[in-house]
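Since we're looking at a predicted model, the values are computed, not measured. In what follows, chains carry the letters A, B, and so on, assigned in the order in which the sequence lines appear, proteins first and then strands, with residues in each chain numbered from 1.
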Protein chains: 2
Amino acid sequence: MVKPMNKYEALKLKYQLCFPLYCASKEVIRRYRPLLERLNLTYTQYITMMAFWEYKSLNVKELGKLLMLDSGTLSPLLKSLEAKKFVARVKSEKDNREVIFVITDEGESLKERAVEIPQEIAGCISLSFDEAKQLHVLLNKILEK
Amino acid sequence: MVKPMNKYEALKLKYQLCFPLYCASKEVIRRYRPLLERLNLTYTQYITMMAFWEYKSLNVKELGKLLMLDSGTLSPLLKSLEAKKFVARVKSEKDNREVIFVITDEGESLKERAVEIPQEIAGCISLSFDEAKQLHVLLNKILEK
DNA sequence: CGAATTTATATTGTATACAATTAAATTGTA
DNA sequence: TACAATTTAATTGTATACAATATAAATTCG
């Protein structure tokens with residue numbers, strides 16, 4: 001019998017989808033930690049730097065949309081990346097409310113040291129290429145609108 | 001062309017598996033929030049109560065193993081569930097270091113109000129039954145040591 | 001037995017997340 | 001053009017996460 005048998009069965013941890021999702025997310029971030037320590041980055045700072053490696057310059061709102069984070073999370077995060085000299089704050093000409101952050105040379109050079117990380121992480125995650133692709137598709141279904 | 005084309009392509013957000021995993025986990029927790037608010041529970045408190053609904057009585061170590069959380073997270077969490085009278089602290093007879101938490105009547109009655117949540121959440125997540133099962137399998141692969 | 005080690009939990013410190021609020025700047029519009 | 005509404009970011013407050021440390025109790029073992 002596979003299906004839950006009484007009205008409370010559905011409340012057991014083992015039948016939840018959210019729980020392994022939540023655990024797997026934390027577990028993967030845990031596996032990044034020793035690799036990112038070498039770059040003096042946390043996981044959230046790492047994905048933020050990915051955005052800057054790609055886009056060079058972003059305001060808080062654009063970054064928030066890319067990373068699905070709000071200013072309550074990003075403000076202190078950016079302050080910390082700024083303190084580490086990986087990004088710099090510049091003021092917008094056209095709108096004084098806007099705060100633009102640009103990647104620094106030091107932030108760019110960090111990319112050289114990060115370039116091996118995707119391979120290293122792939123080696124720590126026990127999924128085949130096809131399974132990873134499948135997982136990607138399923139996660140995106142959860143995320144779409 | 002599907003594969004990354006220069007040595008930095010692999011550092012783009014869109015090629016990461018960790019990132020949709022991290023976003024999907026937060027997104028699912030976000031969808032629980034309005035449902036759990038009615039029970040005066042956060043998501044982490046909810047999965048903790050799931051453990052107590054099933055096991056009635058647990059010490060911090062057992063709970064940590066079930067939920068993959070350490071005492072640094074669980075101590076304040078249990079203090080809060082205790083303040084809400086959903087669990088109570090009892091002292092162990094056989095080992096004075098151990099702190100046992102037991103579910104209260106109020107904690108048990110919360111289960112009645114939680115019983116609809118799994119169905120409600122399933123309705124908010126755009127995955128078929130089969131897709132959810134697939135996802136479960138893939139996530140467990142990541143989690144298995 | 002008794003010191004050294006191990007174990008169980010709590011505390012401290014740092015870094016997210018996110019709701020709610022605030023403040024400043026811009027925009028829409030009567 | 002005044003001025004209400006909206007927008008952008010920062011701040012505040014609450015709740016995780018987790019590493020590192022502290023503390024007390026149990027266990028190991030010489």
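For A/Glu82, the CD atom sits in a packed shell: over 12 heavy atoms of surrounding residues, nucleotides or ligands are nearer than 6.0 Å.
In this structure, B/Phe52 has no ring-ring contact (aromatic ring centres under 6.0 Å, His included) partners at least two apart in sequence or on a different chain. Residues that satisfy the side-chain contact (heavy atoms from CB on, under 4.5 Å) test with A/Glu54, not counting sequence neighbours, are B/Lys12. Not a single salt bridge (charged side-chain N to carboxylate O under 4.0 Å, His left out) links A/Lys79 to another residue, sequence neighbours left out. Partners of A/Ser109 under the side-chain hydrogen bond (donor to acceptor under 3.5 Å, both in side chains) rule, at least two apart in sequence or in another chain, do not exist in this structure. With sequence neighbours left out, A/Lys91 forms a salt bridge (charged side-chain N to carboxylate O under 4.0 Å, His left out) with no residue at all.
Comparing the start and finish of the helix from C/dC1-D/dG30 to C/dA30-D/dT1, five pairs each, the helix axis swings through 0°, to the nearest 10 degrees.
Taking Ile, Leu, Val, Met, Phe, Trp and Tyr as members and joining any whose side-chain heavy atoms lie under 4.5 Å apart, directly or through other members, B/Val137 forms no hydrophobic cluster with any other residue. Through chains of ILVMFWY side-chain contacts below 4.5 Å, B/Val90 is grouped with B/Ile100, B/Val102.
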Q: Could you encode protein contacts along nucleotides 5-18 of chain D as a string, one character per nucleotide from 5' to 3', using B for base contact, S for sugar-phosphate-only contact and - for no contact, with a heavy-atom cut-off of under 4.0 Å?
A: --BSSBB---SSBB

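The separation between B/Lys94 atom NZ and D/dA26 atom P is 11 Å, rounded to whole Å.
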